[in-house]
Amino acid sequence: MNLRKIVHMDMDAFYASIEQRDDPGLRGRPVVVAWQGARSVVCAASYEARRFGIHSAMPAVRAERLCPEAIFVPPDFARYRAVSQLVRDILKNYSNLVEPLSLDEAYLDVTENKAGLLSATQVARAIRSEIRGGLDLTASAGVAANKFLAKIASDWRKPDGLFVIRPHEVAAFLHPLPVTRLPGVGRVTTLRLGKLGVQTVGDLQRFDRVGLESQFGRFGLRLYELARGIDERLVVPNRPTQSISAEETFERDRHLEEIEPAIRQLAEKVWKASQNEKRIARTVILKLKTDGFRILTRSYTRVLPLASCEDLTRIALSLRERVDLDPGQVFRLVGVGLSNFREPDEIVAQPPLLE
Amino acid sequence: MNTIVKRENILKPVLAVLGVVERKQTMPILSNVLIKINKNSISATGTDLEVELVAIEPHAGAAGELDTTVPGRKFADILRSFPEGQEVTLALDGDRLHLKAGRSRFTLVTQPVDDFPLVGEPETPSHAHVSERKLRELIRRTHFSMAQNDVRYYLNGLRIEFVGKHMRAVATDGHRLALGEIEIGSSEGIQEGMGVIVPRKGVLELERLITDQDREIRIAFGTNHLRIDLGELVITSKLVEGRFPDYQSVIPKDGRHRLLIERERLKLALSRAAILANEKVRGVRLCFESQGLRVVGHNTEQEEAEDLVEVSYGGESFEVGFNVSYLLDVLNAMDDREIELLINDPNSSCLIDTGESGNYRYVIMPMRL
């Protein structure tokens, strides 16, 4: 593959920054975006709040304890989505290859850029100043030859920073990095790597491909490549929907049989959302989180695509039977999802004999 | 106290029940086999809580008695490792079972007999006698249409019901259906229309264990269990609760096109077309034309297979798509020289049987190709 130029744009404390921008009273103060409620979690925290150790996904109650003077703002996703669209419009001025990852993150392939700028670094600089000038928000940018490195780079000078990893710097840059910075390396892999004496990416580079593959299967090959800064994943604009899901955290923990109404509601919500997608889902996923924060998922894939909301509801409800925990187990969260979308004409239907 | 048995006399019943003894178990005792030895017989019992198997070796001539549970697979492997005709001495010492044979000694950890989950006798006396050979045929010719892991759990099993002097088996996965009937002999407490659903696991065990001996065997029905007594082997399966769907309405009573086809010939043509049928979809087209039945398979790479089967067909040309695996399953389950195909149109279910008098009927829903 020829040398590519990838930019990763990451808005700084996106939701919190929008709130601070729109309400001057919040500027310079610790702002936490979160729903009211005993069970809610932090959606975003301003940098002032982060200094107190608050970060997103933390229980709101805990954030309050860490910083009693923090200002709590309920999230307004409609507004965040609108701002996100404005950011995307800016990005599209520079490349047609824009892959949004979420409301506040996107990859751009600027190997050829629409603005006629000479380097990817100039593109990143131009985007940052346009976001600042046009939207009064700050973004951090990472520039490198692939997605993996660009993403690490955007985090390197956060907030309001720009960092470039040039091809000849890759090896030196990766060497001291802890393996936890590699995508896909979570708690379990870190532990397993630790047992092999691997703490840093440099340690990982000592292993050959066969060795890693025998230890980690297909992920071993990915580890081998990441350790060498190799990542061939393309920037895919308009990536088709992978899954549609909705979840609910309960006010108080519930038993499996008590969550039927919640599953019915979520299934309806998910089904409605899936109607905007012309492809048809084949897999239903039920997600549960125990009071001990253990997450379990059960899924069911049908030969035939799902035909109705009742279909989805029935399957989601029955997936509960495959939860083999103690009957006394209580859950704090339930989610219903659809995935495995297929084009309608891809499905050569075997109509049912009886439904 | 020592118990002395001949290797074969104890290995045989243990091996017979090992199929339901699972390797990894959440309940450790389920990997054990319950062994009962007395001067008349040796019996072994295994269970996975869905299917219970009791194998009895009569007149085993054991010296001494024994009543314990031992790890099934280890016990079988140990016995298997001895030469044929070897005498084995078993002695229980606390929770240990000492096993001696020639110069070899083994000690196994046992678990209390009282902890072993047994089904017990069915609560109701309803039972019927059928020929073992016929029952084997009934299961073999229908079970492949059962669903597997379907959320409609009542389809993951074989429906057994009584109609007149017949026992009927019905299996369907929602796309196809198999139905068969065998005569019953003497019976008690069996009422017209009475029926149960035997879970998939139980059906597969029955298919494996029932032989084609020409003898009468007894099937007993409890509220929650079905028990088949083969004398040397007693198979008890849990039943699936739930209502089996009304399948009668999907069996075509009449058809626009009725075709007689040589079974082997059609099977060959389908197997050929299947080679180039789409791996996932498995669709083939059956084209009925004046020169015969053309079977066509093709895949996404535009490769194509075609075979012609002679049938007398005088009507207008038409074609129907089918999942070739469904057709082959049916043709493999039948053993008649000629079969009858009853088709209405490409969107309605199709019936395969051997005419009015046949005991087996198969329904398949065509595919949209």
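Chain naming here is simple, since letters A, B, ... match the order of the sequence lines and numbering starts at 1 in each.
The CG atom of A:L354 sits 12.5 Å away from the CZ atom of B:R176 when rounded to the nearest 0.5 Å.
B:V250 and A:L353 get closest at one heavy-atom pair: CG1-O, 3.4 Å. Taking every heavy atom of both residues into account, A:R314 and B:V151 meet most closely at NH1-CG2, 4.0 Å.
For B:K201, the NZ atom sits in a packed shell: over 12 heavy atoms of surrounding residues, nucleotides or ligands are nearer than 6.0 Å. With a 6.0 Å radius and a threshold of 12 heavy atoms from other residues, nucleotides or ligands, B:K238 has its NZ atom at or below the threshold.
Taking A:R39 as the reference, A:D253 meet the salt bridge (Lys or Arg N to Asp or Glu O under 4.0 Å) condition, with sequence neighbours excluded. Qualifying salt bridge (Lys or Arg N to Asp or Glu O under 4.0 Å) partners for A:E99, counting only residues two or more places apart in sequence or in other chains: A:K147, A:R239.
Heavy-atom distances place both the backbone and the side chain of B:D150 under 4.5 Å from chain A.
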